[in-house]
Amino acid sequence: MKDKKIAVVMGGPSAEREVSLNTGRAILAALKEKGYHAVGIDLDPRKFVEQLEQEKIEVVFNAIHGLYGEDGLLQGTLEMLGIPYTGSGVLASAMTMDKTVSKRLFMSAGIPTPRSRLYSKQDVDLAVVTKEIQEVFGTPVVVKAAAQGSSIGVIIVEDAADIEGAVTEAFKYSGHIVVEEFIKGKELTVSILGSREPKALPIIEIVPQSGRYDYTSKYTKGATEYIVPARLEAKVAEHIQQIALDAYKLLGCRGIGRVDVMLSDDNQPYVLEINTIPGMTATSLVPKAAAAVGISFAELCEQILQMVTD
């Protein structure tokens, strides 16, 4: 792979642009440290093919969070161009990005996931939906946009009077929303590494000071404590890792992924979602999990790159 010219594609126009730029710059520095011929490309969807051709790119390391990079669009373009790329393919990316699709697949396969209802903007009568959510779920309840990451468009509603506003806010980010029961317990994440024989890395326990792991808690230094490995009994940890692997394989993910899980107070795990382009700075969650088993950040980036040929 060191004889190939590699583009770390980052940025783009999504709501997660700044997070993506941080991820991409960290990956680019790591690949250069390892001796790869890598360059950075800030994605312009209208000129992407031209950007690749100008740089004579042979392999793409995908560092785009959200729109274009995590929903299958970038992958489809690269498939047509015949350019290999890191991470999951077109279908897996599209299914994991759309929480309404992945939620249905989890339920059909028997993978535990919070009880939920799915709504489409074009079919919604706000008054009817608000009443239904209150009757079915009560509060607290989780309202989330179907196709966003980094906790963008995710609202935990504590007061029934705020349900209508939360639904309206979530619809600003996506034409579909997921309304889920609120699971009280530990917030966990399981990083998965591999394609043919994926392996679960040590579980990370997420403890935000605010009590809510929102965008601010994720990206404000010192706002959240990350415990690796999570404070779990061995059998419970193994069970959660297996469920995460089952979810990863079900959606056909490859290369790298992060499965977010809630563990209820009675030790019942619930899969929330899968991130196929998780944050990848030296302090992000996947690198933290990798470091716990002796894999440095630069080594992790190299492993993900090498999986392109798997």
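Any value given below was found using the heavy atoms of this structure, including those in side chains, with hydrogens, waters and symmetry copies removed. For clarity, every value in this text was computed on a predicted model and none was experimentally measured.
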(request) Measure across Ala230 and Ile204 and return the closest heavy-atom pair with its distance rounded to 0.1 Å. (result) CB-C, 4.2 Å
(request) Any chance you could lay out the side chain to side chain contact (heavy atoms under 4.5 Å, CB included) test for Thr77 and Leu73, step after step, and finish with the verdict? (result) CA-CA 6 Å; Thr77 300; Leu73 295 178; 5.7 Å; no
(request) State the CZ-OG1 distance between Phe297 and Thr281, to the nearest 0.5 angstrom. (result) 6.5 Å
(request) Measure the CZ-CD1 distance between Arg117 and Ile177 for me, rounded to the nearest 0.5 Å. (result) 12.5 Å
(request) Supply the atom-to-atom distance Ser191 OG to Lys199 NZ, rounded to the nearest 0.5 angstrom. (result) 15.5 Å
(request) Can you sort out the partners of Arg46 under side chain to side chain contact (heavy atoms under 4.5 Å, CB included), two or more places apart, ordered by chain and number? (result) Asp44
(request) Could you work out the complete set of other residues in the hydrophobic cluster of Met95, with links drawn between I, L, V, M, F, W and Y side chains under 4.5 Å apart? (result) Leu91, Val101, Leu105, Phe106, Ile111, Leu188, Val190, Ile192, Ile203, Leu232, Val236, Ile240, Ile243, Leu245, Tyr248, Leu250, Leu251, Val259, Val261, Leu263, Val271, Ile274
(request) Examine distances only and state if a side-chain atom of Arg254 and a backbone atom of Ser88 form a donor-acceptor pair shorter than 3.5 Å. (result) no
(message) Other members of the hydrophobic cluster containing Leu118, with the 4.5 Å side-chain heavy-atom rule, please.
(response) Val178
(message) Tell me if a side-chain donor or acceptor on Thr23 pairs with a main-chain N or O of Met280 at a distance below 3.5 Å.
(response) yes
(request) Would you give the length of the straight line joining atom CD of Glu58 to atom NE2 of His37, rounded to the nearest 0.5 angstrom? (result) 9.0 Å
(request) For the pair Arg17 (side chain) and Gly12 (backbone), establish whether a donor and an acceptor sit closer than 3.5 Å, ignoring hydrogens and angles. (result) yes
(request) Heavy atoms only: give me the nearest Gly11-Ser20 pair and the separation to one decimal. (result) N-OG, 2.8 Å
(message) Please enumerate all residues that pass side chain to side chain contact (heavy atoms under 4.5 Å, CB included) together with Glu50, with sequence neighbours excluded.
(response) Lys47, Gln54
(request) Starting at CD of Glu53, measure out to CZ of Phe48 and round the result to the nearest 0.5 Å. (result) 11.0 Å
(message) Quick check on side chain to side chain contact (heavy atoms under 4.5 Å, CB included): which of Val59, Leu28, Val60, Val39 does Ile6 satisfy it with?
(response) Val59
Distance-only criterion, 3.5 Å: show the donor-acceptor pairs between side-chain atoms of residues 165-172 and protein atoms not counting sequence neighbours.
from, atom 1, to, atom 2, distance (Å)
Thr168, OG1, Glu164, O, 3.0
Glu169, OE1, Lys172, NZ, 3.2

(message) A side-chain contact here means heavy atoms from C-beta on lying under 4.5 Å apart; do Tyr68 and Ser14 qualify?
(response) no
(message) With clusters defined by side-chain heavy atoms of hydrophobic residues (ILVMFWY) lying less than 4.5 Å apart, directly or transitively, does Tyr270 cluster with Val207?
(response) no
(message) Do Leu193 and Leu300 make a side-chain contact, defined as non-hydrogen atoms from C-beta onward lying under 4.5 Å apart?
(response) yes
(message) Are the side chains of Tyr173 and Lys144 in contact, using a 4.5 Å heavy-atom criterion?
(response) no
(message) Tell me whether Ile156 shares a hydrophobic cluster with Leu272, the cluster being built from Ile, Leu, Val, Met, Phe, Trp, Tyr side chains joined at under 4.5 Å.
(response) no
(message) Side-chain heavy atoms under 4.5 Å apart, restricted to Ile/Leu/Val/Met/Phe/Trp/Tyr: what other residues fall into the cluster of Met107, or is it alone?
(response) none
(request) Would you check if Asn62 and Thr276 make a side-chain contact, meaning some heavy-atom pair closer than 4.5 Å? (result) no
(request) Walk me through it: do Leu305 and Ile27 pass the test side chain to side chain contact (heavy atoms under 4.5 Å, CB included)? (result) CA-CA 10 Å; Leu305 180 62; Ile27 292 169; over 6 Å; no
(message) Between Ile256 and Thr86, is there a side-chain heavy-atom distance shorter than 4.5 Å?
(response) no
(message) Can you confirm whether Val154 sits close enough to Val142 that some side-chain heavy atom of one is under 4.5 Å from a side-chain heavy atom of the other?
(response) yes
(request) For residues 2-11, pull every pair meeting salt bridge (charged side-chain N to carboxylate O under 4.0 Å, His left out), keeping only residues two or more places apart or in separate chains. (result) Lys5-Glu55
(request) Taking the side chain as every heavy atom from C-beta outward, state whether Val308 and Met1 have any atom pair closer than 4.5 Å. (result) yes
(request) Please report the closest heavy-atom contact between Tyr36 and Gln306, naming both atoms and the distance. (result) OH-NE2, 2.9 Å
(request) Only pairs at least two apart or in different chains count here, so list each salt bridge (charged side-chain N to carboxylate O under 4.0 Å, His left out) that has a residue in residues 237-248. (result) none
(request) Answer yes or no: is there a donor N or O on one side and an acceptor on the other, between the side chain of Ser195 and the main chain of Gly255, under 3.5 Å? (result) yes
(request) Give a yes or no on whether Leu67 and Leu43 share a hydrophobic cluster (residues Ile, Leu, Val, Met, Phe, Trp, Tyr; joining criterion: side-chain heavy atoms under 4.5 Å apart). (result) yes
(request) State plainly whether one hydrophobic cluster holds both Val141 and Val129, where clusters connect Ile, Leu, Val, Met, Phe, Trp and Tyr through side-chain heavy atoms under 4.5 angstrom apart. (result) yes
(request) Identify the two heavy atoms, one from Ile277 and one from Ile64, that lie closest to each other, and give their separation to 0.1 Å. (result) CG2-O, 3.6 Å
(message) Using the side chain to side chain donor-acceptor pair (under 3.5 Å) criterion, which residues pair with Ser120? Sequence neighbours excluded.
(response) none
(request) Could you note down all residue pairs passing salt bridge (charged side-chain N to carboxylate O under 4.0 Å, His left out) where residues 100-113 supplies at least one of them, sequence neighbours left out? (result) Lys103-Glu180
(request) For the pair Glu205 (side chain) and Arg231 (backbone), establish whether a donor and an acceptor sit closer than 3.5 Å, ignoring hydrogens and angles. (result) yes
(request) Could you check if a side-chain atom of Leu21 sits within less than 4.5 angstrom of a side-chain atom of Asp42, using non-hydrogen atoms only? (result) yes
(message) Show, in sequence, the C-alpha distance, side-chain angles and deciding distance for Tyr119 and Ile133, and conclude whether the side chain to side chain contact (heavy atoms under 4.5 Å, CB included) test is met.
(response) CA-CA 11 Å; Tyr119 296 99; Ile133 293 171; 4.1 Å; yes
(request) Evaluate side chain to side chain contact (heavy atoms under 4.5 Å, CB included) for Ile57 paired with Ile41, printing each intermediate quantity in order. (result) CA-CA 10 Å; Ile57 297 303; Ile41 289 180; 4.2 Å; yes
(request) Sorted by first residue and then second, give each salt bridge (charged side-chain N to carboxylate O under 4.0 Å, His left out) pair with at least one member in residues 71-98; sequence neighbours left out. (result) none
(request) Could you pull out the closest heavy-atom pair between Gln75 and Ser93, with the gap in Å? (result) NE2-OG, 3.2 Å
(request) Heavy atoms only: give me the nearest Glu225-Ile227 pair and the separation to one decimal. (result) OE2-CG1, 3.9 Å
(request) Using side chain to side chain contact (heavy atoms under 4.5 Å, CB included) as the criterion, list what pairs up with Ala298, not counting sequence neighbours. (result) Ala30, Glu33, Lys34, Ser296
(message) Nearest 0.5 angstrom please: Met97 CE to Glu273 CD, how far?
(response) 9.5 Å
